[in-house]
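Just so you know, ligand 1 is whichever comes first in the structure, and atom 1 is the first atom listed for that ligand.
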Amino acid sequence: MKKERLITRRGAIVAGVAAVGGFVVARRFPKILPPTCGNVLRAGDSFTYGAQRALLGQSLVREYAASDVTSFPATGTTDPGVKMKSELGEAYRRMQAGAFAEWRLSVEGSVARPRAFSLAELKQFSPRTQITRHTCEEGWTAIAQWTGVPLSAVLDAVGILPTARFVVYSAYDDWIDSIDLLDALHPQTILAYGMNGRDLPLAHGAPVRLRVERQMGYKSMKYLRRLVVTDRFEDGGEKGNIQTGWAWYTGI
Ligand SMILES: Nc1nc2c(c(=O)[nH]1)N[C@H]1C(S)=C(S)[C@@H](COP(=O)(O)O)O[C@H]1N2
Ligand SMILES: [Mo]
């Protein structure tokens with residue numbers, strides 16, 4: 001079906017929102033201030049978060065044509081099995097050796113039906129493919145095509161509770177981060193298992209990475225391991241952005 005192409009921004013928003021239940025969404029999106037706004041170190045977040053949500057609402061980022069795809073550097077962790085001298089690294093190495101058949105994405109927290117999804121199970125959802133521009137805080141951008149399952153569909157499948165507000169996600173290299181439900185339910189926020197028409201390469205986050213298209217590249221976590229739906233803002237403690245000195249909200 002080519003229908004998706006014809007829908008307006010507003011239509012996409014309504015469709016995305018309807019998938020989860022409008023009554024819940026109305027209660028969840030009243031925020032203009034980011035949850036980090038009480039923290040003086042994070043005062044900059046308040047401006048971009050407030051401005052973007054007020055001006056852009058749930059708008060889609062630009063999607064490009066296949067001819068716009070560029071080369072794409074791999075940064076940060078490029079193999080948790082090599083980088084991590086820990087149980088996580090060991091677990092990742094084992095899964096990689098088995099072509100990720102044993103990999104599971106645990107989805108838990110404020111959900112009615114916590115569940116661990118295999119890669120094959122994620123591939124059973126209707127896929128979304130999008131060609132978008134990635135912006136790294138180090139100053140480079142690159143365009144790639146990503147294929148995956150909308151995070152909203154997975155959250156719908158586990159049944160997020162009416163109290164849910166954030167999704168905290170962590171990876172096999174021990175990264176942790178979070179987004180609010182506005183970004184989590186955004187139609188272009190996907191759990192990507194494909195890049196440029198092939199399986200997601202190891203260096204780019206195999207088997208599954210997040211794409212959070214309306215924020216800077218570091219929110220698009222590679223090597224996903226676990227999603228926890230929370231009722232309150234959670235930054236991941238010591239490993240979270242506030243402690244590590246990164247902005248929690250970095251809209252582009
Ligand atoms: N787990 C994990 N996710 C990560 C990173 C990382 O080091 N570990 N680096 C982040 C940063 S800063 C960027 S710019 C992108 C890089 O993705 P790429 O390696 O596919 O270019 O992934 C982001 N997600
Ligand atoms: Mo980055």
Side-chain angles (χ1 to χ4, degrees), residues 44-45 48 61 64 68-96 100 103-107 117 119 122 129-148 151 167-179 183-184 186 188-228 234-252:
D45 288 3
T48 51
V61 301
Y64 293 80
D68 297 322
V69 168
T70 65
S71 66
F72 207 111
T75 54
T77 305
T78 51
D79 184 347
V82 170
K83 185 183 177 190
M84 305 299 290
K85 314 288 176 211
S86 64
E87 259 175 52
L88 276 185
E90 175 59 32
Y92 186 84
R93 270 195 303 282
R94 267 200 313 271
M95 291 183 312
Q96 191 197 346
F100 296 110
W103 176 89
R104 295 290 181 277
L105 180 67
S106 166
V107 186
F117 293 88
L119 189 53
L122 290 182
T129 292
Q130 58 201 32
I131 301 175
T132 53
R133 182 191 296 272
H134 178 98
T135 304
C136 172
E137 79 295 344
E138 289 168 345
W140 54 269
T141 66
I143 295 173
Q145 183 200 63
W146 304 101
T147 299
L151 178 55
V167 178
V168 180
Y169 44 97
S170 50
Y172 275 95
D173 59 354
D174 222 8
W175 271 45
I176 186 159
D177 207 334
S178 64
I179 49 177
D183 272 329
H186 187 276
Q188 290 165 317
T189 297
I190 64 173
L191 298 165
Y193 46 73
M195 181 183 187
N196 297 332
R198 303 162 64 174
D199 286 348
L200 185 65
L202 176 68
H204 293 289
V208 176
R209 78 178 299 165
L210 198 59
R211 291 296 311 164
V212 182
E213 302 291 359
R214 297 201 317 169
Q215 294 203 50
M216 295 281 278
Y218 65 84
K219 301 294 280 193
S220 289
M221 193 170 289
K222 308 194 284 186
Y223 315 108
L224 280 181
R225 182 166 80 93
R226 189 167 171 231
L227 305 181
V228 183
E234 261 274 2
D235 188 51
E238 262 180 25
K239 295 167 193 156
N241 288 318
I242 292 173
Q243 291 300 313
T244 56
W246 298 54
W248 173 78
Y249 184 77
T250 56
I252 47 177

Taking all non-hydrogen atoms of both residues into account, name the closest pair between H134 and R209 and its distance.
CE1-NH2, 4.2 Å
Per side chain to side chain donor-acceptor pair (under 3.5 Å), K239 is matched among D174, T244, D177 by D174
Residue that, paired with Y223, satisfies ring-ring contact (aromatic ring centres under 6.0 Å, His included) out of W175, F100, Y92, Y172:
Y92
Please tabulate, line by line, the atom pairs linking an N/O of ligand 1 to a protein N/O at a distance below 3.5 Å, with the distance in Å to 0.1, or answer 'none'.
| residue | atom | partner | partner atom | Å |
| --- | --- | --- | --- | --- |
| ligand 1 | 1 (N) | D173 | OD1 | 2.9 |
| ligand 1 | 1 (N) | D173 | OD2 | 3.1 |
| ligand 1 | 1 (N) | K222 | O | 3.0 |
| ligand 1 | 3 (N) | K222 | N | 2.9 |
| ligand 1 | 7 (O) | T77 | N | 2.9 |
| ligand 1 | 8 (N) | D173 | OD2 | 2.6 |
| ligand 1 | 17 (O) | R209 | NH2 | 3.1 |
| ligand 1 | 19 (O) | T75 | N | 2.8 |
| ligand 1 | 19 (O) | T75 | O | 3.4 |
| ligand 1 | 19 (O) | K222 | NZ | 2.6 |
| ligand 1 | 20 (O) | H204 | ND1 | 2.6 |
| ligand 1 | 20 (O) | R209 | NH1 | 2.7 |
| ligand 1 | 21 (O) | P73 | O | 2.6 |
| ligand 1 | 22 (O) | R209 | NH2 | 3.3 |
| ligand 1 | 24 (N) | S220 | O | 3.1 |

Within the structure provided, determine whether D183 and K219 are in side-chain contact (heavy-atom separation under 4.5 Å).
no
Which atom pair, heavy atoms only, marks the closest approach of M216 to C136?
CE-C, 3.9 Å
Euclidean distance, F72 CZ relative to M195 CE, rounded to 0.5 Å:
5.0 Å
